[in-house]
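Notes to accompany the following structure.
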Amino acid sequence: MENMLHSTPSHTSVPSSFVFPPEHLKPATSTAVSLPVIDMSGSCTEVINHGISEQVMRDMEAIGEEFFRLPAADKAGFYSESEDPNKATTRLFSNTTYETGGEKYWRDCLRLVCSLPVRDSVKDWPDKPHRLREVTENFMLLTRDLAMKLLRLLCQGMGLRPEYFEGDICGDHVIVDINHYPPCPCPSTTLGLPPHCDRNVITLLLPSMVPGLEVAYKGDWIKVKPIPQAFVVNFGSQLEVLTNGMLKSIEHRVTTNSAMARTSVVTYIAPTGDCLIGPAKEFLSEDNPPFYRTLTYREFKRIYNVVKLGKSLNLTTNLKDVQKMI
Ligand code: OGA
Ligand code: NI
């Protein structure tokens, strides 16, 4: 675990595996923009007045930051470099979970996995800081409820029955990732996370007041200006496939900075591995043939597990085309 980024109190240099050539690091446009606020026609939005109290949000952030400040001995037991391909497990790791061919991303992560409806896997979570389990379990339940509520609203808007997302499509567990991006001595050549579309159904992100998240928009990276009481909502690839492209999963990335650590918290709603997802009949007609393949979520993740030098700015629209080729 010494090679986790946050184990070094202050970095003075960046190893070459973190360094990207400039042509792969197109800078964001200079001004930070607020994402559209709960405009459900966009696909990466911020949601406010969502009913989750500011206290719950700040507690979650604080406990995440506190975890990464614990002495190494309190964290080492959770450190694991390898991911179980068959099921998500609670663990502490560095870098992205995509296959990157050796290139590295400036990010440490505590992944907390919780089974549903019986939440017995909470006992596998760290018990330090002492309120971590309580705060995270509460946050996880509230953000999952909010995500399900947003999905029901989407159903209403798109003419699907409201309970469409109950069941395997929203899985039998929830993942909460506490992402920690330590200050980086050379932000201009590194990334915290590669450009990617979330592969799940829907993601709620508590983005931290320290900027870093960037979203692909009309061929440019735009910096997201965090709103204190808002969650960023990302539609995952499964929503894009299910709606036959009516909703799009938006590509995003995380940049680093040299001044301040950034801690974000992400709740992922994902299908079970066996769940088959393809364009729903409600989105198909003679003029609208299925544009996407029907795959189990496990197979989808296996196929879309590689990020190439993180350069892409077009994953938002090319899933359709990529699927024609494979
Ligand atoms: C992710 C992600 C953004 C962030 O974990 O998939 O996009 O701001 N995180 O940490
Ligand atoms: Ni993401």
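Because the structure is predicted, anything quoted here is derived from the model rather than measured. Counting convention: from 1, in listed order, for ligands and their atoms alike.
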Tell me whether [X] is salt-bridged to [Y], with the criterion being a basic N under 4.0 Å from an acidic carboxylate O.
X    : Y    : result
E214 : R253 : yes
R152 : E166 : yes
R69  : E66  : no
D84  : R91  : no

Go through it in stages, so that I can follow the logic: the residues are D108 and H6, the test is side-chain contact (heavy atoms from CB on, under 4.5 Å), and I'd like the CA-CA distance, side-chain angles, deciding distance and then a yes or no.
CA-CA 7 Å; D108 292 338; H6 77 286; 2.7 Å; yes
List the atom of R107, the atom of T97, and the distance in Å for their closest heavy-atom pair.
NH1-N, 4.3 Å
Going by the atom numbers of ligand 1, which of them fall below 4.0 Å from some non-hydrogen atom of [X]?
X    : result
L205 : 4 (C), 8 (O)
D198 : 6 (O)
N179 : 5 (O), 9 (N), 10 (O)

Classify the contact between [X] and ligand 1 as side chain, backbone, both or neither, using a heavy-atom distance cut-off of under 4.0 Å.
X    : answer
D177 : neither
Y98  : neither
L193 : side chain

Does any N or O atom in Y268 lie less than 3.5 angstrom from one in ligand 1, N or O only?
yes
With only distance considered, is R107 within less than 3.5 Å of ligand 1 through an N or O on each side?
no
Sub-4.0 Å heavy-atom approach of R262 to ligand 1
yes
Which residue supplies the protein heavy atom nearest to atom 3 (C) of ligand 1, what is that atom called, and how far is it?
V254 CG2, 3.6 Å
Minimum-distance N/O/S atom that D198 presents toward the Ni ion (ligand 2):
OD1
Does the ring center of Y292 lie less than 6.0 Å from the ring center of F300?
no
Side chain to side chain donor-acceptor pair (under 3.5 Å) between T263 and H180: does it pass, once the steps are laid out?
CA-CA 4 Å; T263 304; H180 182 73; 3.1 Å; yes
